Number of protein chains: 2
Amino acid sequence: MSDKTDRRQARTKQLLYQALISLLTEKGAESITVTDIAMRADINRGTFYLHYKDVPDMLEQIKDEIFGKLQSLILEFDPQEVAQFAFEDEPYPKLVRLFEEVERNADFYKVIFGPHGDISYAQRLRTFLYSHIFNKVSYSQPREEDMLIPRDYLIAYISSANIGIIMHWIESGFNKTPYEMGLIMTQMVNHGPLIASGIREKPHNKR
Amino acid sequence: MSDKTDRRQARTKQLLYQALISLLTEKGAESITVTDIAMRADINRGTFYLHYKDVPDMLEQIKDEIFGKLQSLILEFDPQEVAQFAFEDEPYPKLVRLFEEVERNADFYKVIFGPHGDISYAQRLRTFLYSHIFNKVSYSQPREEDMLIPRDYLIAYISSANIGIIMHWIESGFNKTPYEMGLIMTQMVNHGPLIASGIREKPHNKR
DNA sequence: GTTATTAATCAACAACTTGTTTATTAAAAT
DNA sequence: ATTTTAATAAACAAGTTGTTGATTAATAAC
């Protein structure tokens, strides 16, 4: 937006960000007051209004910024590429980059998906993933009559499932590397839960 | 809890409930004031405090009540039974009952999963489903080394996926009957997304 | 039906948050 | 060294909160 050259501005903005994240671990966004943030950041209350209109505005700006990065990564995903890497038992590199991006903003994701988190962020991610998958699946499997269930419900299933994997990783405290997570998701996307669980057999493999 | 024989109390409580649901379509729970609810319900503000401690308390009581019903239905699910019905191309009756219960509280679910919804309710459902599936899967597929991915990530995938189906139904405005939804979920649970999508072939079938 | 109970109302309270404004201080850019 | 401007401090009316005491009226119990 505007110039961020001034060190004072950058410092204040960072203090406000940290204060908001910290408060979000304790209570919901909508019950966080400007006074709360100013006190925790040790910043004059009036200073807050020099940067943001109000608390919802602050949260929205932060969410937009971080969501944008995820969005551009997801746009590059290609199911056919995933299949190639799954065949080699290797993680799809673009998926690894996704998990790296999430890890980079670990603090944010922990609170936004946490107990006092923001349902609209998860919803936005789900909707975006849904529309992306929709385009890809419609292309590779266009005949609705060959499907056992309606296409939209299949896509809702897949998008929620993959977001569930990400959420589980976050809730576990990032107990795997982005590389490991990339491999897990690559296999799930390609084989589905039944083969991945070992209930059904894997068709063919190199090693 | 206490006696609810007095018609005045029941009436007031219902008016408060309707007002809260109505307000939740417009803004988040934590920014809803007692004044808001009282005004919309056309009830004296002091009367609210005769029923609830504050707004979070009211929401918590409502959530507990409705979640309890879902919980008891989920506890009865048995994967083996699901397989039998899936084989016959029929919906698992206990799943149909689940969707009927959700439909019964349609107003609630629409707002709780909506844009101004409550992340903790979805989280609670997800966690409960997770632990239920965990017990069942550990029993039928106990060897972790036979699995392509860690068991906990498999279960996170499955539980989120199924909640995604429910959410999609709600967001679609309940465009299918509980029977149809039961059939969709029965097939997804039993066949997984790859077979359901028609990418992989279904093994055997009666008709 | 009459009476006793109690739910709901109304009005007023101090304490707190909000968004805004004014004048002042001090850090950064030039 | 000087100018610019970010941050501070103090004060404002308006709105919300949780509580209280007195009053009204619907309901339950007899």
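Residue numbers begin at 1 in each chain, while the letters A, B, ... track the order of the sequences. Computed from a predicted structure; not experimentally measured. Values below: all heavy atoms of this structure, side chains included; hydrogens, waters and symmetry mates excluded.
Asp78(A) is not listed as a side-chain neighbour of Lys94(A), based on a closest heavy-atom distance of 4.5 Å or more. At least one side-chain heavy atom of Pro193(B) sits under 4.5 Å from a side-chain heavy atom of Met188(B). Counting heavy atoms from C-beta outward, Ile166(B) and Met181(B) have side chains that stay 4.5 Å or more apart. Side-chain atoms of Leu183(A) and Tyr92(A), non-hydrogen and from C-beta on, never get closer than 4.5 Å to each other. Ser120(A) is listed as a side-chain neighbour of Lys63(A), based on a closest heavy-atom distance under 4.5 Å. Here the side chains of Val34(B) and Val55(B) are in contact, with some heavy-atom distance below 4.5 Å. Contact check for Leu24(B) versus Leu59(B): side-chain heavy atoms found under the 4.5 Å cut-off.
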List every contact pair, protein side and nucleotides 26-29 of chain C side both N or O, where the distance is under 3.5 Å.
residue, atom, partner, partner atom, Å
dA27(C), N3, Arg8(A), NH1, 3.1
dA29(C), OP1, Thr5(A), O, 3.4

Can you check nucleotides 22-25 of chain C for protein contacts, nitrogen or oxygen pairs under 3.5 Å, and list what you find?
none

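His116(B) places a side-chain N or O within 3.5 Å of a backbone atom of Glu26(B) that can act as its donor or acceptor partner. Between the Ser31(B) side chain and the Glu30(A) main chain, no donor and acceptor come within less than 3.5 Å of each other.
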Quiz item: Tell me, what's DNA chain C's dot-bracket, Watson-Crick or G-U with both distances under 3.5 Å, | for other-strand, [ ] crossing?
Solution: ||||||||||||.|||||.|||||||||||
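The stretch residues 50-63 of chain B comes close to DNA chain C through Leu50(B), His51(B), each having a heavy atom under 4.0 Å from the strand. Remark: nothing in residues 24-42 of chain A comes within less than 4.0 Å of DNA chain D through any heavy atom. Proximity of residues 15-23 of chain A to DNA chain D (heavy atom under 4.0 angstrom from any strand atom) is not detected for any residue.
Every residue two or more places apart in sequence or in another chain was checked for a ring-ring contact (aromatic ring centres under 6.0 Å, His included) with Phe77(A), and none qualifies.
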Quick one: side chains of residues 95-106 of chain B, donor-acceptor pairs under 3.5 Å with protein atoms, not counting sequence neighbours, listed by atom name and distance.
residue, atom, partner, partner atom, Å
Glu101(B), OE1, Arg104(B), NH1, 2.8

Under 3.5 Å donor-acceptor pairs involving side-chain atoms of residues 15-23 of chain A, not counting sequence neighbours:
residue, atom, partner, partner atom, Å
Ser22(A), OG, Arg40(A), NH1, 2.7

Which donor-acceptor pairs under 3.5 Å do side chains of residues 154-162 of chain B form with protein atoms, sequence neighbours excluded?
residue, atom, partner, partner atom, Å
Ser159(B), OG, Ile155(B), O, 2.5
Ser160(B), OG, Ala156(B), O, 3.4
Asn162(B), ND2, Ile158(B), O, 2.9

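Ring geometry for Tyr109(B) against Phe113(B) counts as tilted: the plane angle lies between 30° and 60°, on a 0 to 90° scale. Using a 30° and 60° split on the angle between ring planes, Tyr130(A) and His168(B) fall in the parallel class, below 30°.
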Exercise. Evaluate salt bridge (Lys or Arg N to Asp or Glu O under 4.0 Å) for Lys13(A) paired with Asp6(A), printing each intermediate quantity in order.
Key: CA-CA 11 Å; Lys13(A) 215 154 190 176; Asp6(A) 198 313; over 6 Å; no
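Residue Asp42(B) qualifies as open at atom CG: its count of foreign heavy atoms under 6.0 Å is 12 or below. The environment of Asp64(A) atom CG is dense: over 12 non-hydrogen atoms of other residues, nucleotides or ligands sit within 6.0 angstrom.
Running 5' to 3' along DNA chain D, contacts with non-hydrogen atoms of chain A at under 4.0 Å begin and end at dT5(D) to dA11(D).
Summarising the geometry, the separation between OH on Tyr49(B) and P on dC10(C) is reported as 17 Å, rounded to the nearest angstrom. Protein atom CZ of Arg11(B) is 9 Å distant from nucleotide atom P of dA8(C), rounded to whole Å.
For the pair Pro115(A) and Gln123(B), the tightest heavy-atom approach, listed with the atom from each and the gap, is CA-OE1, 3.4 Å.
Here salt bridge (charged side-chain N to carboxylate O under 4.0 Å, His left out) pairs that include residues 43-56 of chain B, with residues two or more places apart or in two chains, number zero.
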